[in-house]
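Reviewing the structure listed below.
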Amino acid sequence: EGRMIQAMEEGGDIVALQETKLAKVPLEKAKTACTTRGWRLHHGIPVQAKQGSDRGSSCGVGIITAPGIAVLPVKPKSPAWERINSMGRLNVVALPQSKDLPRGLWIANVYAPLSTSPQKEVFNKTLCEVVSEWDMSRPTLLLGDFNGHLENTQHPCPLLMRMIGPGGPFMDAHDA
């Protein structure tokens with residue numbers, strides 16, 4: 001909760017959070033804490049609490065919005081999206097259509113498993129499947145923690161290379 005408050009107090013209008021570790025009870029507390037400050041916490045499903053704790057050991061993604069920023073949650077629309085949603089590793093919100101955004105805008109927040117995790121390849125494949133279902137004529141920001149580098153190497157993240165490499169559905173906003 002402290003990281004969320006700090007991020008918003010530093011002046012963010014929209015802040016994406018990864019690895020929140022928010023199980024059901026702490027998630028409700030965090031939503032209440034945000035609401036009392038006028039912010040809204042849009043969070044994926046609560047993570048599984050670890051034994052003897054009310055918090056999870058990993059996972060969880062959320063997006064906090066400041067007052068006046070209207071977003072709607074985008075619910076999973078396919079079996080692949082349901083799978084990745086159940087992992088607690090993808091959260092998507094939509095800014096509605098407006099004069100400046102005639103097709104609206106999706107903000108997709110990702111928290112990928114570590115490169116050493118047995119879930120990594122399943123996650124990568126599933127995220128690619130989900131993204132291939134999206135309407136890419138609608139502006140979409142894909143951001144988050146991709147955990148793609150192997151320890152002590154300079155190898156590029158394979159998932160990011162699929163997403164922003166040649167023929168990928170996204171462009172690297174930093175490079176552009």
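Along the sequence shown, the residues carry numbers beginning at 1.
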Only pairs at least two apart or in different chains count here, so list each ring-ring contact (aromatic ring centres under 6.0 Å, His included) that has a residue in residues 107-144. Trp81-Trp134, Trp106-Trp134

Side chain to side chain donor-acceptor pair (under 3.5 Å) partners for [X], two or more places apart:
X: Ser53; result: none
X: Asn109; result: Gln18
X: Glu133; result: Ser78

Applying side-chain contact (heavy atoms from CB on, under 4.5 Å) to Asn147 and Ser115, what does each step give before you reach the verdict? CA-CA 6 Å; Asn147 279 318; Ser115 57; 6.0 Å; no

Taking only residues two or more places apart in sequence or in another chain, which ones pass side chain to side chain contact (heavy atoms under 4.5 Å, CB included) with [X]?
X: Asp100; result: Ser98
X: Val15; result: Ala7, Met8, Leu17
X: Pro139; result: Arg103, Leu105
X: Ile69; result: Asp13, Ile14, Thr65, Ala66, Val71

Which hydrophobic side chains are connected to Met171, either touching it within the sub-4.5 Å cutoff or through other members that do? none

Around atom CD of Gln48, are there more than 12 heavy atoms from other residues, nucleotides or ligands closer than 6.0 Å? no

Any chance NZ of Lys77 has more than 12 other-residue heavy atoms, nucleotides or ligands included, within less than 6.0 Å? yes

Same cluster or not: Val25 versus Val47, using hydrophobic residues (I, L, V, M, F, W, Y) connected whenever any side-chain heavy atoms lie under 4.5 Å apart? no

Find out if a path of hydrophobic residues (ILVMFWY) with successive side-chain heavy-atom gaps under 4.5 Å connects Leu22 to Ile64. yes

Working for side-chain contact (heavy atoms from CB on, under 4.5 Å), residues Cys157 and Met163: CA-CA 10 Å; Cys157 171; Met163 294 290 162; over 6 Å; no

Of all heavy-atom pairs between [X] and [Y], which one has the smallest distance, and what is that distance?
X: Val131; Y: Pro169; value: CG1-CG, 3.7 Å
X: Asp54; Y: Ala23; value: O-CB, 3.1 Å
X: Lys21; Y: Ser57; value: CE-O, 3.4 Å

Before giving the answer on side-chain contact (heavy atoms from CB on, under 4.5 Å), spell out for Val110 and Leu142 the whole-Å C-alpha distance, their side-chain angles and the decisive distance to 0.1 Å. CA-CA 7 Å; Val110 170; Leu142 177 65; 3.4 Å; yes

Using the salt bridge (Lys or Arg N to Asp or Glu O under 4.0 Å) criterion, which residues pair with [X]? Sequence neighbours excluded.
X: Glu121; answer: Arg162
X: Glu129; answer: Arg83
X: Arg138; answer: none

Could you please spell out the steps behind the side-chain contact (heavy atoms from CB on, under 4.5 Å) verdict for Arg89 and Gln119? CA-CA 11 Å; Arg89 294 184 176 278; Gln119 289 184 327; 3.7 Å; yes

Does any non-hydrogen side-chain atom of Ile84 lie less than 4.5 Å from one of Leu127? yes

Main-chain N/O of Pro113 paired to Ser117 side chain as donor or acceptor, under 3.5 Å: no

